[in-house]
Amino acid sequence: MKNIIQIAGIIDKEEAELLIKSGVNYLGFPLRLPVNKEDLPEDYAAEIISGFPKNVNSLLITYLNNAEEIKTFASKLGVNIVQLHGQIELSELQKLKFFCPELKVIKSLIVRTDNIKSLENEIELYSEFVDYFITDSFDPKTGAAGATGKTHNWEISKLLAEFSPKPVIAAGGLNAENVYDAIKFIKPFGVDSHTGVEDENGKKSAEKIKSFVSEAKKAFNEINV
């Protein structure tokens, strides 16, 4: 599916329903994280996912790096996509794709300040065994690689999107105010937001989500002309 609009960090069933009604087609559940606290228990996430309509894609966002653990956890949750952050050995990705060929894999590309060459090397290394890449921001203060609320140099994401043989999703500090410009500049396959569509209490804002989806669809329509 082209023009992915992905929102991560669902906290409950009501929030998931809000996202689906707003036109979000990829819903991400960050679980088993080394830095940030999980948004909800694993069993509750599985319960929510089990009620999704067929046109909605659920994904596990995790730092797990063992193929067997990823396979088992994805099966438990009932997801058809996994988004892998952190380091993972190529051999583990090979195992994952061999044992779960139907499972789509998104691999993160964490943008720092001057690491474009190493990110290009990652793309060359992993491309054969992933379905998408996603750019995201690193926060040097917390050590978090994702859900930082921070933007990065979009020029890097643009170059990576042009370089990669696999589709690239743009993430990192995206919100309703900047997603249109990000899509127009980077021309990604999709976009992702987490904290950028939340209110001051850490809950998804219906107004921000509606605006984010509207601006993203407007930009995608324009670049696809």
Side-chain angles (χ1 to χ4, degrees), residues 1-2 4 6-10 25-50 52 54 56-112 115-138 143-147 157 160-161 163-172 188-190 192 194:
M1 183 186 295
K2 196 174 182 181
I4 290 170
Q6 178 174 307
I7 301 294
I10 291 85
N25 49 20
Y26 280 62
L27 277 67
F29 293 79
L31 295 165
R32 300 191 186 177
L33 311 174
V35 178
N36 296 318
K37 182 179 180 296
E38 283 81 1
D39 299 292
L40 75 177
E42 294 174 7
D43 289 341
Y44 186 29
E47 178 187 333
I48 294 171
I49 292 167
S50 68
F52 282 179
K54 291 184 178 180
V56 173
N57 296 276
S58 56
L59 61 145
L60 163 65
I61 302 172
T62 187
Y63 286 76
L64 292 176
N65 57 13
N66 176 273
E68 188 62 38
E69 288 182 33
I70 296 167
K71 172 188 172 184
T72 301
F73 194 23
S75 178
K76 172 186 174 180
L77 291 177
V79 299
N80 52 8
I81 307 169
V82 294
Q83 182 172 308
L84 304 177
H85 284 263
Q87 298 298 314
I88 182 168
E89 295 293 332
L90 182 62
S91 59
E92 293 300 316
L93 269 181
Q94 291 172 317
K95 290 178 187 176
L96 184 62
K97 293 301 286 185
F98 179 79
F99 290 114
C100 304
E102 74 288 350
L103 189 66
K104 299 294 184 183
V105 176
I106 303 173
K107 179 67 182 72
S108 68
L109 299 170
I110 305 303
V111 180
R112 299 172 189 258
N115 66 331
I116 187 167
K117 186 58 182 176
S118 64
L119 294 177
E120 289 177 342
N121 290 339
E122 284 189 46
I123 288 173
E124 291 178 333
L125 178 65
Y126 294 127
S127 284
E128 184 179 353
F129 302 102
V130 305
D131 300 279
Y132 309 95
F133 288 104
I134 184 168
T135 61
D136 214 338
S137 303
F138 177 74
S157 286
L160 294 175
F163 178 82
S164 175
K166 294 295 177 70
V168 172
I169 301 166
F189 192 80
D192 166 274
H194 186 158

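In this text the structure is predicted, and so the values were computed from the model without any measurement.
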Exercise for the section: Could you grab the distance from atom CG of Leu90 to atom CG of Leu125, nearest 0.5 Å is fine? Expected result: 5.0 Å
Exercise for the section: Kindly indicate whether the side chain of Ile106, heavy atoms from C-beta on, has any atom under 4.5 Å from the side chain of Ile81. Expected result: yes
Practice task
Carefully, step by step, assess Ile4 and Tyr132 under the rule side-chain contact (heavy atoms from CB on, under 4.5 Å).
Solution key: CA-CA 11 Å; Ile4 290 170; Tyr132 309 95; 4.1 Å; yes
Fill in the blank from the handout: Between the CG atom in Leu119 and the CD1 atom in Ile110, the distance rounded to the nearest 0.5 Å is 8.5 Å
Exercise for the section: Taking the side chain as every heavy atom from C-beta outward, state whether Glu42 and Phe73 have any atom pair closer than 4.5 Å. Expected result: yes
Handout entry: Whether Lys107 side chain and Tyr126 backbone form a donor-acceptor pair below 3.5 Å
Key = no
Completion exercise
Distance col, row Ser75:OG vs Ile70:CD1, nearest 0.5 angstrom, shows 13.5 Å
Handout entry: Residue from Leu77, Ile10, Ile49 passing side-chain contact (heavy atoms from CB on, under 4.5 Å) with Ser58
Key = Ile49
Practice task
Side-chain contact test, heavy atoms from C-beta onward, threshold under 4.5 Å: evaluate it for Gln6 versus Leu59 and give yes or no.
Solution key: yes
Handout entry: Value rounded to 0.5 Å, distance of CG in Leu109 from CZ in Phe133
Key = 5.5 Å
Exercise for the section: Using the salt bridge (Lys or Arg N to Asp or Glu O under 4.0 Å) rule, collect all pairs that involve residues 62-73, keeping only residues at least two apart or in two chains. Expected result: none
Problem - Heavy-atom side-chain proximity of Phe163 to Ile123 below 4.5 angstrom - result: yes
Practice task
Could you tell me the separation between the CD1 atom of Ile134 and the OG atom of Ser157, rounded to the nearest 0.5 Å?
Solution key: 10.0 Å
Exercise for the section: For Asp131 and Val105, indicate whether the former's side chain and the latter's backbone hold a donor-acceptor pair under 3.5 Å. Expected result: yes
Problem - Residues, nucleotides or ligands: over 12 heavy atoms within 6.0 Å of Lys166 NZ - result: yes
Practice task
State whether the side chain of Glu92 and the backbone N or O of Asn66 hold a donor-acceptor pair below 3.5 Å, judged by distance alone.
Solution key: no
Practice task
Begin with the C-alpha distance, continue with both residues' side-chain angles, and end with the deciding distance and a verdict on side-chain contact (heavy atoms from CB on, under 4.5 Å) for Leu40 and Ile48.
Solution key: CA-CA 11 Å; Leu40 75 177; Ile48 294 171; 3.6 Å; yes
Problem - Neighbour count above 12 (heavy atom, 6.0 Å) for Gln94 CD - result: yes
Problem - Non-hydrogen side-chain atoms of Pro188 and Ile169 separated by less than 4.5 Å - result: no
Practice task
Look at the side chain of Ser50 and the backbone N and O of Glu47, then say whether any donor-acceptor pair between them is shorter than 3.5 Å.
Solution key: yes
Problem - Thr62 and Val82: CA distance, side-chain angles, deciding distance, side-chain contact (heavy atoms from CB on, under 4.5 Å) verdict - result: CA-CA 8 Å; Thr62 187; Val82 294; 5.5 Å; no
Practice task
Report the C-alpha distance between Asn65 and Leu84 in whole Å, list the side-chain angles of each, state the deciding distance to 0.1 Å, and finish with yes or no for side-chain contact (heavy atoms from CB on, under 4.5 Å).
Solution key: CA-CA 8 Å; Asn65 57 13; Leu84 304 177; over 6 Å; no
Exercise for the section: For the pair Lys97 and Glu128, find out whether any cationic side-chain nitrogen is under 4.0 Å from an anionic carboxylate oxygen. Expected result: no
Exercise for the section: Kindly indicate whether the side chain of His85, heavy atoms from C-beta on, has any atom under 4.5 Å from the side chain of Ile61. Expected result: yes
